[in-house]
Asks: 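Next up is a structure, given as C-alpha cells.
The analysis underlying the following values was restricted to heavy atoms, covering all of them including side chains, and did not include hydrogens, waters or symmetry mates.
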Amino acid sequence: MSDRDTDAADAFDVLSDASRVAILRELADRTHVVDESTVEFSDLRRAVGFDDAGRFNYHLGKLQDQFVVKRDGGYAPTAVGLKAIGSIESGTYTADLEPRPGTVDYDCPACGDQLAATYENQVVTVECENGDDVFVETSVPPATAAGSTIQDIVSFVVGDLQRDVEAVADGVCPICSGSMELEHFERADDGHLRARSECLSCWMAAELPVGALVVRHPAVVSLYYDHGVDVRRQFLTDLEFVGARGDAEFVADDQSVVELTVGVEGDEVTLRVHEDFTVETT
Ligand SMILES: [Zn+2]
Ligand SMILES: [Zn+2]
C-alpha cells in the first residue's frame with residue numbers, strides 16, 4: 001500500500017456516512033459553478049434536516065477541504081465533490097433491474113440481420129444470433145439503464161465507447177480525467193498497427209486501432225456525413241478504417257507517425273497521427 005492508497009481509502013471513508021452524502025448532494029443541487037453561488041450554514045443545516053448544529057458542523061468539517069469549500073460566508077462543492085456525487089448517482093439504482101432482451105436497430109456487418117442485445121447485472125451484451133463475430137460486452141451504470149429500452153441502452157453504449165475513445169485521442173483519461181500519454185505504435189499479432197497509451201494517474205491503459213484516434217476528426221465526420229452517415233452513431237468496429245481491415249502504416253522510416261486513408265464510396269481523406277496524439281490531414 002502506498003500513501004495514495006491511504007489517501008483514496010480516506011476519501012471513501014469520508015463519504016461512507018449518509019449525512020455527509022446528503023450534505024454534498026444538497027450543495028451540488030443548490031449551487032452553480034458558473035455564478036460561484038454558495039449555501040449558508042444555517043440554510044444547509046435545515047435543508048439536510050439537522051437539529052443539532054454541533055453534529056452538523058462535525059460532518060461538514062469532515063467534507064472540507066476535499067469535497068466542500070467555504071467561501072464568501074457560505075459553502076460550495078469542489079470539483080472532486082461534484083464528481084463524487086455524479087459517481088454515487090450513476091450507481092444508485094442498485095436494485096437488480098429486470099433482464100431486457102431484444103433486437104436493436106443495428107445490423108450485423110457480416111450477415112445483415114438485426115443484432116440482438118440484453119441488459120443484465122449492469123452489463124449489456126450485443127451479439128449476432130447467427131454467431132458472427134460482433135460480440136460486444138460492456139458495463140452500463142444502473143442510472144442509465146433505469147427506464148430505458150434495450151435500444152436506448154445500446155445507443156448509449158455506442159456513444160459512450162466513442163466518447164471514451166475521443167477522450168483518449170485528446171490525451172485525457174476517460175476514467176480519472178488525468179493525462180494519457182501515447183507510449184508507442186506497435187504491430188499487433190494480426191499485423192495491424194495499434195496505438196498504446198497509458199494514464200499517468202490511474203490504472204487506465206488503452207490499446208486502440210490507429211483508426212479509432214481519428215473517428216471524430218472533423219475531416220472524417222464530414223466525409224461520412226456527406227455520404228449520409230452519422231459516424232457518431234456507428235459501432236467503432238463497423239467502421240472499415242477502425243476494424244481489423246484498417247490499413248494504417250508508418251510513414252517511411254519514421255515509427256512515430258502513422259498514416260491512414262479513410263474512404264467512403266470513392267471519396268477519401270488521408271490523415272497522419274503523431275505520437276503526441278495530434279492528427280492532421282495531408
Ligand atoms: Zn451476423
Ligand atoms: Zn486515469
Side-chain angles (χ1 to χ4, degrees), residues 1-95 97 122 139-148 152 156 159-160 162-181 198-204 216 277:
M1 272 194 304
S2 67
D3 287 350
R4 270 179 72 199
D5 295 330
T6 311
D7 289 347
D10 287 348
F12 271 107
D13 199 37
V14 166
L15 290 178
S16 67
D17 180 287
S19 301
R20 294 175 208 155
V21 172
I23 294 169
L24 191 53
R25 181 180 279 141
E26 192 66 32
L27 282 174
D29 285 347
R30 292 176 45 152
T31 56
H32 301 284
V33 178
V34 190
D35 63 11
E36 299 197 325
S37 53
T38 60
V39 183
E40 284 181 16
F41 183 88
S42 52
D43 279 356
L44 186 58
R45 178 172 67 81
R46 269 194 301 274
V48 185
F50 266 88
D51 292 330
D52 183 341
R55 251 171 52 75
F56 176 71
N57 195 35
Y58 166 76
H59 288 303
L60 189 56
K62 287 283 184 191
L63 290 167
Q64 272 174 268
D65 298 304
Q66 188 169 16
F67 299 106
V68 171
V69 285
K70 185 177 184 182
R71 64 162 182 259
D72 308 331
Y75 295 86
T78 61
V80 172
L82 288 172
K83 204 153 187 180
I85 280 295
S87 300
I88 290 169
E89 305 291 9
S90 81
T92 292
Y93 302 98
T94 40
L97 298 156
Q122 302 190 20
S139 63
V140 172
T144 305
S148 300
D152 294 337
F156 166 82
D160 202 43
Q162 284 211 12
R163 283 187 291 274
D164 283 357
V165 166
E166 190 181 25
V168 171
D170 283 343
V172 177
C173 173
I175 303 296
C176 76
S177 307
S179 295
M180 302 254 339
E181 201 172 67
E198 223 172 58
C199 175
L200 300 178
S201 306
C202 78
W203 51 266
M204 176 70 183
R216 291 194 171 192
F277 283 120

Asks: Could you tell me the separation between the CG atom of Leu60 and the CZ atom of Arg45, rounded to the nearest 0.5 Å?
Replies: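 If I round to the nearest 0.5 Å, the distance is 12.0 Å.
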Asks: Got a second to check how far Phe50's CZ is from Ser19's OG, nearest 0.5 Å?
Replies: 3.5 Å
Asks: Can you name the nearest heavy-atom pair linking Asp17 to His59, along with the distance?
Replies: OD2-CE1, 3.5 Å
Asks: Any chance you could measure Phe277, atom CZ, to Met180, atom CE, to the nearest 0.5 Å?
Replies: 6.0 Å
Asks: For the CZ atom of Arg71 and the OG atom of Ser37, what is their distance to the nearest 0.5 Å?
Replies: 7.5 Å
Asks: Does Arg20 reach the main-chain N or O of Val14 with its side chain, forming a donor-acceptor pair under 3.5 Å?
Replies: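 Looks like yes, one N/O pair under 3.5 Å.
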Asks: Sub-3.5 Å donor-acceptor pair from the side chain of Thr38 to the main-chain atoms of Ala76, do we have one?
Replies: no
Asks: Please say whether more than 12 non-hydrogen atoms of neighbouring residues, nucleotides or ligands are located less than 6.0 Å from CD in Glu181.
Replies: no
Asks: Counting only heavy atoms not in Glu40 (residues, nucleotides, ligands), do more than 12 fall under 6.0 Å from its CD?
Replies: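 No - once you tally the heavy atoms of other residues, nucleotides and ligands closer than 6.0 Å, there are 12 at most.
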Asks: So which atom in Arg30 and which in Ala47 form the shortest heavy-atom distance, rounded to 0.1 Å?
Replies: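 Looking at all heavy atoms of both residues, the closest pair is NH1-CB, 3.5 Å.
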Asks: State, to 0.1 Å, how close Cys202 and Cys173 come at their nearest heavy-atom pair, and which atoms those are.
Replies: SG-SG, 3.7 Å
Asks: What distance do Asp170 atom CG and Arg216 atom CZ have between them, rounded to the nearest 0.5 Å?
Replies: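 Answer for the CG-CZ pair, Asp170 versus Arg216, is 10.5 Å.
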Asks: Parallel, tilted or perpendicular: which one describes the rings of Phe56 and Phe41, with boundaries at 30° and 60°?
Replies: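 Plane angle over 60°, so perpendicular.
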Asks: Do Ile23 and Phe67 have side-chain heavy atoms sitting under 4.5 Å apart?
Replies: no
Asks: Donor-acceptor check, side chain of Asp52 to backbone of Gly54, threshold 3.5 angstrom: yes or no?
Replies: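 A pair under 3.5 Å: yes.
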Asks: So do Leu27 and Leu63 actually touch side chain to side chain, heavy atoms under 4.5 Å?
Replies: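 Leu63 vs Leu27: side chains apart.
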